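Note sheet for the following structure.
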Amino acid sequence: MYLLIEKTFREALTRFIRATYAVDVNVVTERPPRLEMGEIASPVCFELAKRLKRPPRQIAQEIADAMNTLAGVGGIRGVTRCAVAGGGYVNAFLDRAAFFGAACRLAGHENVEADADAPKAIVEHTAINPNKAAHIGHLRNAAIGDTFVRLLRHAGHRVEVQNYIDNTGVQVADVVLGFIHLEKKSLGEVRALAAQSRFDYYCWDLYARVTQFLEEDKTRLTLRGQVMKEIEEGHGPVAEMADFISTTILRAHLATMDRLGIDYDLLSRESEVLGMKFWDAAFQMLKDRGAIRLATSGKQAGCWIMPLGDAAESESEAAEEGVAEAKIIVRSNGTVTYVGKDIAYHLWKFGLLDRDFHYARFHKHPDGHVAWVTTMADAEKGAPSFGKGHEVYNVIDSRQKYPQQVVREGLRALGFAEQADHLVHIAYDVVGFTPRCAAELGYTITEEDAKRPYIEMSGRRGQGVKADDLLDEMKKHALAEVDARHRDFSEAERNATAGAIAIGALRYFLLKYTRTAIIAFDFKDALSFEGETGPYVQYAVVRVNGILRKGAEKNPEFDTEDLAQAARLEAGKIDVTPFLQSPNDDIWEIVLLAGSLGARVEAAIAAQEPAFVAKYAFELAQGFNVFYHKHHILSEKDAEKRVFLLRVAQLVKDQLVAALALLGVTAPEKM
RNA sequence: GCGCCCGUAGCUCAGUUGGAUAGAGCGUCUGCCUUCUAAGCAGAGGGUUGGGGGUUCGAAUCCCUCCGGGCGCGCCA
């Protein structure tokens, strides 16, 4: 609601300024520091003052006067008047009653449905190597990605969610190596093991052992080389074991993500990127379009290289100095590098490659949604049209920034400038431990590590908090709290409530930090259900539930009267203006905030920053708690005010539920 | 060496394209449950926005410089 009025106000200012002063300025708006100064402010006159060489206040007065005439005849919908403030701000005051009515009508229906033929956004996230259990660093990736998907869908975008599975890389090979050389297990024995234990946890430990095994004696790396070669050939017992491991662990990852409500449309696997020869097609394109060239001298002789940035202009100098300024795409032995494969894959994502995968159904999410997988086998019928994205968002940690840039440059070099501009890297920083937390978990840390602000999680070394362990721990914690409060709950209620709280706490914890913040994980922070946490927000919803429930239960005699009053309120027969102008504006404050979800979602999408929405949910819950303590709804004597307060509570609840849904969190009925 | 990110209250972090008096949470201290759930609320205390310059009517935000921390730059994936 706020978003709409803000936009209208901005447009009115822009039009007026262009018509009157014949200048084009970017009109920005913001919230004034205090409500009595209005709800929208624009500092545009400071900029105009410079250009017109006139005092800002004078211009502001002219604009405000003009806007008032406009507003008076309904020129700016939702705005009652404008005024000059401070040194030259133009402030707008909203029609509070109209805002309230519109916000109530819109609440819960703000999301726009996407057209089936609208441009598609592809979001890739999660992408965990399928050789060990997921840890909370992986969870941060998935939570950011999943929330971003929800934001895009809320705003009416068509979205396809992909999870890239590197099932042929060293990480899987290392676990295969572990089973064969350290444990001397056959495929049959590995299968049996997987059937009777948590396979992803088992591999977690084995992977760490393999890492150590290889570090102890570098000559053992030849074993890895052998395993990788056999995996790449795609048949034989080693390849079969690799496939079994990666597939089993992928299922474990999906089960973990299902606990958090994270869905995928497509699981695209490296094995098919290789098997379908995407690279061959891309290689031809790169050569045809002159994006890469064969180096004939210097260190990179024999490699196919892609000049980068400045190197493109000064390549001869670089060659003379023997400096490697270009990115190697194909090695001198003819094998393709990681970026090469990634360029090929991104050509497919944008629908620029004349090849496609075969698809098969792989997994059914709890909500019934089917995740498809790429396959070398015959295609199953009924697959949606995958790929051909208009925009591509990759949620990958910030260390991958350089390779992502190279892929973008590759697209540009191929002449796909528009696609290159539409390839967005949603970078986030890692999750580490506080040194204290690492020590608690029993990891040996050096003295140097102890002084660091955080210690990195490492699947390779087997150091990390496993996602399922943390979720279990949080649920246990939540269950204890539920038990202490609600002895009357059934077993099913206890579980459902504790589960919702655990997910709320975990997802909020992962999303409240902005992407550039390094999360130093500590159980104390993560397990907290007080203050700026998911449960705090859920609790506000529960409070509204309580009011609505009690209102109906305890006062049946109220009921008929309130129903009649509520009907009058919806019909606009009750003048709510006095309620929204109470001496200190406190009710208006919460109504205004409740009507601002759309504006926050837009900002979150523009900045690709899910934390904005988490922050909003917390602020709204906080605002409600203040309102809740100040206005006792059910004991309010004035029937008109009572139904009004009740409607405000309902409005806040609707918006809290909507904001939580964007974060992938639900609120229980009671907690 | 080159490039990117970060430095804000005791701790952990916000601060939307430069805007009005820099905000939360945690922790500390003081109050509030016989009225809708205290997973809550009210209040107190806590700041040279790493230092120094500059641009601007206006800087936590932009530029320069220094200090401190992190990451990336491979014929690894």
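Residue numbering restarts at 1 for every chain, and letters A, B, ... go by the order of the sequence lines. The structure presented is a predicted model; accordingly, all values stated were derived computationally and were not measured.
The side chain of A:Ala41 has B:A20 as its nearest neighbour among B:A20, B:U35, B:C41. Comparing B:G72, B:A38, B:C41 by their nearest atom to the side chain of A:Arg399 picks out B:G72. The side chain of A:Glu481 lies closest to B:A39 when the candidates are B:C36, B:C41, B:A39. Looking at the side chain of A:Ile328, the nearest of the listed nucleotides B:A39, B:G25, B:C75 is B:C75. Checking B:C13, B:A20, B:U37 against the side-chain heavy atoms of A:Ala517 singles out B:C13 as nearest. Of the candidates B:C41, B:G25, B:C36, the closest approach to any side-chain atom of A:His629 belongs to B:C41. The listed nucleotides are B:A39, B:C71, B:A24; the one nearest the side chain of A:Gln622 is B:A24. Comparing atom distances between the A:Phe618 side chain and each of B:A24, B:G70, B:C36 picks out B:A24 as nearest.
The residues A:Arg460 and A:Asp174 are annotated as salt-bridged, a charged nitrogen and a carboxylate oxygen being separated by less than 4.0 angstrom. Note on A:Glu669 versus A:Arg549: salt bridge recorded, some NZ/NE/NH1/NH2 to OD/OE distance being below 4.0 Å. Using a 4.0 Å cut-off between charged side-chain N and carboxylate O, A:Lys341 and A:Glu270 make a salt bridge. With respect to the salt-bridge test (charged N to carboxylate O, under 4.0 angstrom), the residues A:Lys7 and A:Glu11 do not qualify. Between A:Arg31 and A:Glu6 there is no salt bridge, since no side-chain nitrogen of the basic residue lies less than 4.0 Å from a carboxylate oxygen of the acidic one. Under a 4.0 Å N-O distance rule, the pair A:Asp522/A:Arg436 qualifies as a salt bridge.
Residues A:Gly169 and A:Tyr454 both approach RNA chain B. Their nearest nucleotides, taken by heavy-atom distance, put A:Tyr454 toward the 5′ side. Toward the 5' end of RNA chain B, the nearer of the two residues A:Met671 and A:Asn333, judged by each one's closest nucleotide, is A:Met671.
Residue A:His631 is classed as a base contact, given a heavy-atom separation below 4.0 Å to a base. Within the nucleic acid shown, A:Asn91 comes within 4.0 Å of at least one base atom, counting heavy atoms only. Across all strands shown, A:Ser332 has heavy atoms under 4.0 Å from base atoms, whether or not it also approaches the sugar-phosphate. When heavy atoms are screened at a 4.0 angstrom cut-off, A:Val626 is found touching the sugar-phosphate backbone but no base atom. The residue A:Phe529 sits close to a base: some heavy atom pair falls under 4.0 Å. Looking at heavy-atom distances under 4.0 Å, A:Asp522 makes no contact with the nucleic acid at all.
Look at A:Arg452 and you'll find a side-chain N or O under 4.0 angstrom from OP1 or OP2 of B:G70. Within the structure, every side-chain polar atom (N or O) of A:Tyr402 is placed at least 4.0 Å from both OP1 and OP2 of B:G72. Phosphate proximity of B:G40 to A:Asn625: absent, as no side-chain N or O sits under 4.0 Å from OP1 or OP2.
Between atom CD1 of residue A:Ile396 and atom OH of residue A:Tyr164 there is a gap of 11.0 Å, rounded to the nearest 0.5 Å. Note: A:Ile165 CD1 to A:Ile249 CD1 = 11.5 Å, rounded to the nearest 0.5 Å.
Of the candidates A:Ile590, A:Leu593, A:Val541, A:Ile590 is the only one forming a side chain to side chain contact (heavy atoms under 4.5 Å, CB included) with A:Val652.
With rounding to whole Å, A:Tyr338 atom OH is found 14 Å from B:G72 atom P. As rounded to whole Å, 9 Å separates atom P of B:C26 from atom CD of A:Glu532. If you measure from atom CD of A:Gln400 to atom P of B:C71, you get 15 Å, rounded to the nearest angstrom. Distance OH (A:Tyr616) to C1' (B:G23): 18 Å, rounded to an integer number of Å. For the pair A:Ile633 CD1 and B:U37 P, the computed distance is 11 Å after rounding to whole Å. B:U35 atom P lies 14 Å from atom CZ of A:Arg543, rounded to whole Å. The CZ atom of A:Arg57 sits 18 Å away from the P atom of B:G58 (whole-angstrom rounding). The CE-C1' distance, from A:Met457 to B:C71, rounds to 17 Å in whole Å.
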Discussion item. As a quick check of understanding, evaluate side-chain hydrogen bond (donor to acceptor under 3.5 Å, both in side chains) for A:Arg269 and A:Thr168, giving each step before the final call.
Written reply: CA-CA 9 Å; A:Arg269 302 191 301 182; A:Thr168 61; over 6 Å; no
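Under the ring pair (Phe, Tyr, Trp, His ring centres under 6.0 Å) criterion, A:His631 pairs with A:Phe627, sequence neighbours left out. For the side-chain hydrogen bond (donor to acceptor under 3.5 Å, both in side chains) test, residues two or more places apart in sequence or in another chain that qualify with A:Asn625 are A:Tyr536, A:Arg543.
Here the separation of B:U49 from B:G7, taken at their P atoms, is 14 Å to the nearest Å. Atom name P, nucleotides B:C26 and B:C41: the rounded distance is 8 Å, in whole Å. Atom P of B:U16 sits at a distance of 31 Å from the matching atom of B:C2, rounded to the whole Å. To the nearest whole angstrom, the two P atoms, one in B:U48 and one in B:U8, are 12 Å apart.
Syn is the classification of B:C33, since its glycosidic angle stays within 90° of 0.
For A:Asn167 and A:Ser271, the side-chain atoms include at least one donor-acceptor pair closer than 3.5 Å.
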Scan nucleotides 2-12 of chain B against the protein and return all N/O pairs shorter than 3.5 Å with their distances rounded to 0.1 Å.
from: B:C4; atom 1: O2'; to: A:Lys401; atom 2: NZ; distance (Å): 3.1

Using the 3.5 Å cut-off, write out each protein N or O paired with an N or O of nucleotides 15-19 of chain B and the distance between them.
from: B:G19; atom 1: O2'; to: A:Glu30; atom 2: OE2; distance (Å): 2.8
from: B:G19; atom 1: O2'; to: A:Tyr89; atom 2: OH; distance (Å): 2.2

Worksheet item: Dot-bracket, RNA chain B: Watson-Crick or G-U, under 3.5 angstrom, [ ] crossing, | other strand?
Response: (((((((..((((.....[...)))).(((((.......))))).....(((((..]....))))))))))))....
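For residues 604-618 of chain A, there are no side-chain hydrogen bond (donor to acceptor under 3.5 Å, both in side chains) pairs, not counting sequence neighbours.
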